[in-house]
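A short write-up of the structure that comes next.
Worth saying up front: this structure is predicted, and the values here are computed from it rather than measured. A, B, ... follow the sequence lines: proteins, then strands. Residue 1 opens every chain.
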2 protein chains.
Amino acid sequence: MSKTPQKNTRKQRHAATIHDVAERAGVSPMTVSRVVNGGKNVRESTRAAVMAAVGDLHYAPNTAARSLAGAEGARVGLLYSNPSVSFMSEVLIGALDESSRQGALLVLEKCAIGDAAGELAAARKLTAGGVTGVILPSPLCEHPAIVAEFTQAGVPIVAIAAGFANGEMSCVRIDDFKAARDMTRYLLSLGHRRIGFIKGQQGTTSSNERQRGFEAALREAGIGEAPMAQGCFNYRSGLEAAEKLLAQRPAPTAIFASNDDMAAATVSVAHRMGLDVPGDLSVVGFDDTAIAATIWPELTTIRQPITDMARVAIDLVLASIRAREAGGEAGPVDHLVLHSLIERQSAAPPAMIA
Amino acid sequence: MSKTPQKNTRKQRHAATIHDVAERAGVSPMTVSRVVNGGKNVRESTRAAVMAAVGDLHYAPNTAARSLAGAEGARVGLLYSNPSVSFMSEVLIGALDESSRQGALLVLEKCAIGDAAGELAAARKLTAGGVTGVILPSPLCEHPAIVAEFTQAGVPIVAIAAGFANGEMSCVRIDDFKAARDMTRYLLSLGHRRIGFIKGQQGTTSSNERQRGFEAALREAGIGEAPMAQGCFNYRSGLEAAEKLLAQRPAPTAIFASNDDMAAATVSVAHRMGLDVPGDLSVVGFDDTAIAATIWPELTTIRQPITDMARVAIDLVLASIRAREAGGEAGPVDHLVLHSLIERQSAAPPAMIA
DNA sequence: GAATTGTGAGCGCTCACAATT
DNA sequence: GAATTGTGAGCGCTCACAATT
């Protein structure tokens, strides 16, 4: 490796620069810049050579230099209305961190829950503000009017925790079906046979998937019918749903709520009825939000790596933005990440049948 | 205003640069750089002239250029063990956002709650990692060993939500005393006279301040004694404390818990005893964390603007770092921010005495 | 000699445009 | 002429060092 002797006026830098890559690939720095930014008019062989050099040298563009040189920093919008503060916190942390690492500007826009007009107005504010890409956490990504607002403006969308992938937008999610099936299998393995289920918001894909996963696990175990109650992902709906389920006879020995807020409400109802959790009733949730580890007993639940998912979403939207600016256009990506089952204190084998 | 004709090869920039400031102040750009970064060897008259020009032009350094040019980016450590996920989420959001805006690197280090050895190890990891400043959220800022680790390494500290200001470190906080007094006055204004109090973690300043505020308001109202129970800021301790308070006769008509987790636990105990909240018992919390708006009824509580506080903390620590690097040294700052009382559904006038 | 100020180059990238295929 | 590649300058700052008081 011959290095041109470096003047001692500056401290040594260690990371590879665009010049190193250019030299190795036998092209000019500008060509490297084009390839790295997804430029269109580059011969395929040139692109391959540059990408190889990039890989060899572990080249990563210096974001400070990039923005100084006048590259339009990407403006990524994050529209949020998700009722769960801790879900959103995790999204914000991942998105904020990754976009600062990537030198992109994250524009936050909050809107009230379930206020269709307000949501659309917030979306318009983002497009009017000139965002070049947008992240849509569940459940916003399922609202056709919002999606239309962005697609019509030519703004690429990445959905977080959508529960589904359609052809319209990229999405980063866990497999809700499998996660719910895993949790149900876990309850079955503990010995439960009468398991109640609290459904989530009607009409959202992730709710449906969770329910499908629950039912699939029951079917595997040869159990046909199960007590179910409709909820809508908030604590109060969990209170009512739990009361209904616990009024049934024979009473369930376990309740699987579609999210943690409703599971926490179920624990509260059980306590009110003098039931010990998990002695008399096992309760499990979904999401692993803050409340899961706050209440007592702490909730056994499914965890989504939300912070990481938000990071991935930023990377996807940035790639999309760059590709669009350079004239390219990649199809939507369905990025699945792994969930995990967090065992805490709210589930145990059922009590001996009296 | 005569402007040198600008070549059309680049898009027009609008923000003032260091050159504009230099020209206006009649010095070289390097001198401006020195002043802006808190350099030592600058004549007072020069500094004043530069600062005036900075003010006139609303100059703010371009962080991209700064880091490209090789300025050592500040490395700010954030050590956290705070049991409240949502408290920490807010801290993280503010700190992450502000440090990216300021071009500083935020290094996160998590440690287990109450594990003194682990906490110290995490602090050592930060100093060994070369952080040049550190943010310490409550309650870490009250641990002498941790504080010593940083002060001995010459690393400036900014405490968040410390509940007190001593001469050792800067701190950003609300006035816990006044906030607790406000909340107690609110309960009194509703007509409550038998108000129970759940204390926070023993030995922490913010707990003590909250208790003092509570007692001060009671004294104002001519109420001498009040039922109190010790808690330690978690849900479980709230359960036990609430049981004790509600067993007393005459029973309190309101309970003020030193944080939201314990207030939520109190609501749960009340429900278990068949008490309606707020019909039979008012319950209020402190902090306005996620759980406050999750459970039903939603908690009336005190809100600290934690995200903003974290931003301020970053700014303070950055100023401290720059000053130290440039040979200057400012004394610690006590930055008070305003709290607010959030009225929700968990408090109401007491029922008519039977 | 110490304190204060300035000079010239360079950080790593992308811009507008020119030159080549 | 269209597609592809390269050239030279410049973004706004701070570095090391030199020059001045």
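- For the salt bridge (Lys or Arg N to Asp or Glu O under 4.0 Å) test, residues two or more places apart in sequence or in another chain that qualify with A:E98 are A:R101.
- For A:S33, whose side chain is taken as the heavy atoms from C-beta onward, the closest listed nucleotide among D:dT14, C:dT14, D:dG12 is C:dT14.
- Around CE of A:M30, the count of heavy atoms belonging to other residues, nucleotides or ligands within 6.0 Å exceeds 12.
- The shortest side-chain heavy-atom distance between B:P29 and B:H19 falls under the 4.5 Å cut-off.
- For the pair A:N62 CG and C:dG10 C1', the interatomic distance rounds to 13 Å; values are reported in whole Å.
- Atom-to-atom, CD1 of B:I18 to P of D:dC15 comes out at 11 Å; the value is rounded to the nearest Å.
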Please tabulate, one pair per line, all N/O donor-acceptor pairs under 3.5 Å involving side-chain atoms of residues 306-317 of chain A, not counting sequence neighbours.
{"unit_1": "A:T307", "atom_1": "OG1", "unit_2": "A:E90", "atom_2": "OE1", "d": "3.3"}
{"unit_1": "A:R311", "atom_1": "NH1", "unit_2": "A:D97", "atom_2": "OD2", "d": "2.5"}

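- Atoms OH (B:Y59) and P (D:dG12) sit 10 Å apart, rounded to a whole Å.
- For B:E149, the salt bridge (Lys or Arg N to Asp or Glu O under 4.0 Å) partners at least two apart in sequence or on another chain are B:R124.
- Between its two ends, the helix from C:dA2-D:dT21 to C:dT21-D:dA2 turns its axis by 40°, counting five pairs per end and rounding to 10 degrees.
- Annotation: B:L336, atom CG; neighbour count of heavy atoms from other residues, nucleotides and ligands within 6.0 Å is above 12.
- Listed by chain and residue number, B:E109 satisfy the salt bridge (Lys or Arg N to Asp or Glu O under 4.0 Å) test with B:K125 (two or more places apart in sequence, or in another chain).
- Remark: C1' of D:dC15 and CZ of B:R66 are 14 Å apart, rounded to the nearest angstrom.
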Determine, for nucleotides 1-7 of chain C in 5'-to-3' order, which nucleotides have protein heavy atoms under 4.0 Å from the base (write B), from only the sugar-phosphate (write S), or from neither (write -). ---BBBB
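- Rounded to a whole Å, the CG atom of A:L68 is 13 Å from the P atom of C:dC11.
- Nearest heavy atoms, A:K110 versus A:A122: O-CB, 4.3 Å.
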